[in-house]
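Nothing fancy with the numbering, it's 1 onward along the sequence. Excluded from the calculations below are hydrogen atoms, water molecules and symmetry mates; all remaining heavy atoms, backbone and side chain alike, are included. Note that the structure is predicted; figures quoted are calculated from it, not measured.
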Amino acid sequence: MIAFVSGPVAALAPDSAVVEVGGIGIAVQCTPNTLSGLRKGRQTKLATSLVVREDSLTLYGFADDDERQTFELLQTASGVGPRLAQAMLAVHTPDALRRAVSTGDEKTLTAVPGIGKKGAQKLLLELKDRLGEPLGTGTGIGAPVSTGWRDQLHAALIGLGYATREADEAVTAVAPQAEAAESTPQVGALLKAALQTLNRAR
C-alpha cells in the first residue's frame, strides 16, 4: 500500500499529475480540485490510494488523508468504483458528502455525473453508517469558493502549462457559468469547463 507520494511535480494533465519520487515519475490520478493546488516544478505531498485490477495498477492522489479515506469508503457501496468515487470528490468536498448522506440529500448526490435519482437513494442507504457525521472543517480544496475564483482558476491553468493569454480567455469564457450558479462557484467544476474551452480552441 502506497500511503503517499512526495516530491517535485514533473508534469500536469487535466486528470493526473506526475510526481518525481527518487528519480522515478509516479503517475497519480487526481480531481481538478487537487490539481488546481499543484504547480509544475514545486514540491508536493499527496495522500494516495492504490487500486489494483487484473490488468492495471492505478494510483489515485488526494489533497489530504480525509479525501483519501472518503474515496475508499465510497467504494464500499455497491456499484461505486474508483472512477465514480473520484467524480463524487471532484464535485463535492468530503464534508459536503457526509452532510448529504447524514441528511438524506438526494439532490447533492445527483449533481455528480453518473448518479441518477435511484442511484442516489441507494447510496444514501448504503453509506449512512459508513461516512460518519460532517466535521464542519470549513473550506478547503474542493470547497465552494465565494470570492477569488477567477484568481484560483487562472493560477490552476497557468500551473497546467497554459499561457497567460489562454488562461485569461478561458476564465472569461466560464465567467457566465460561474455568475449564473445558484450557489457559490466551485473551482474544480470551472476548471473542467475551462479545459474544455481550451481544447476546443486548439
Side-chain angles (χ1 to χ4, degrees), residues 1-77 79-97 112-115 140-143 145 152-164 166-167 170-171 174 186-202:
M1 175 66 183
I2 301 171
F4 67 87
V5 293
S6 178
V9 178
L12 287 166
D15 61 355
S16 64
V18 176
V19 180
E20 186 180 332
V21 181
I24 298 171
I26 306 288
V28 187
Q29 299 290 312
C30 303
T31 65
N33 301 323
T34 299
L35 289 169
S36 69
L38 304 180
R39 298 290 176 271
K40 192 173 176 180
R42 289 195 192 170
Q43 288 284 329
T44 190
K45 181 177 179 180
L46 295 172
T48 56
S49 179
L50 182 64
V51 175
V52 180
R53 295 284 184 266
E54 282 185 16
D55 57 348
S56 67
L57 294 172
T58 308
L59 200 60
Y60 290 83
F62 308 94
D64 55 39
D65 288 333
D66 187 27
E67 269 198 356
R68 191 247 325 266
Q69 186 177 16
T70 303
F71 171 78
E72 291 173 349
L73 285 170
L74 289 171
Q75 291 177 74
T76 63
V80 178
R83 287 288 181 189
L84 184 55
Q86 190 182 44
M88 292 169 79
L89 286 167
V91 177
H92 301 298
T93 62
D95 230 27
L97 289 170
V112 178
I115 298 180
I141 287 182
V145 180
Q152 290 194 36
L153 179 58
H154 194 274
L157 290 166
I158 296 295
L160 286 169
Y162 288 97
T164 302
E166 290 178 307
V171 170
V174 300
Q186 286 191 320
V187 174
L190 293 175
L191 180 57
K192 280 183 180 174
L195 289 170
Q196 287 171 353
T197 300
L198 289 163
N199 288 337
R200 280 198 297 269
R202 286 187 164 182

State whether the side chain of T197 and the backbone N or O of A193 hold a donor-acceptor pair below 3.5 Å, judged by distance alone. yes

Evaluate the side-chain contact (heavy atoms from CB on, under 4.5 Å) criterion for residues R53 and T58: first the C-alpha distance (whole Å), next the side-chain angles of each, then the deciding distance (0.1 Å), finally the verdict. CA-CA 8 Å; R53 295 284 184 266; T58 308; over 6 Å; no

Taking all non-hydrogen atoms of both residues into account, name the closest pair between E72 and S49 and its distance. OE2-OG, 2.9 Å

A17 and L38 have their tightest heavy-atom pair at CB-CD1, 3.8 Å

A90 versus P32, closest heavy-atom pair with distance: CB-CD, 4.0 Å

Is there a donor-acceptor pair under 3.5 Å between the side chain of R68 and the backbone N or O of T48? yes

Taking side chain as C-beta onward, heavy atoms only, is V18 less than 4.5 Å from V9? no

Side-chain donor-acceptor pair present, T31, Q86, cut-off under 3.5 Å: no

Would you say the side chain of L97 lies within less than 4.5 Å of the side chain of H92, judging by non-hydrogen atoms? yes

Could you tell me which non-hydrogen atom of A85 sits nearest to which non-hydrogen atom of L74, and how far apart they are? O-CD1, 3.9 Å

Criterion side-chain contact (heavy atoms from CB on, under 4.5 Å) on D66 and T70, from CA distance to verdict: CA-CA 6 Å; D66 187 27; T70 303; 3.7 Å; yes

Distance check, rounded to the nearest 0.5 Å: F62 atom CZ versus C30 atom SG? 8.0 Å

Would you find more than 12 non-hydrogen atoms of other residues, nucleotides or ligands less than 6.0 Å from Q69 atom CD? no

Check whether any side-chain N or O of R39 sits under 3.5 Å from a backbone N or O of S36 as a donor-acceptor pair, and report yes or no. yes

Can you tell me how far apart OG (S16) and CD (Q29) are? Round to the nearest 0.5 Å. 5.0 Å

So how far is it from I115 CD1 to M88 CE, rounded to the nearest 0.5 Å? 4.0 Å

For the residue pair V91 and P113, what are the closest heavy atoms and their distance? CG2-CD, 4.0 Å

Does any part of the side chain of L35, heavy atoms only, come nearer than 4.5 Å to the side chain of P14, both counted from C-beta? no

Rounded distance (nearest 0.5 Å) linking atom CG of L89 with atom CZ of F71: 8.0 Å

How many angstroms lie between atom OH of Y60 and atom CD of Q75, to the nearest 0.5 angstrom? 7.5 Å

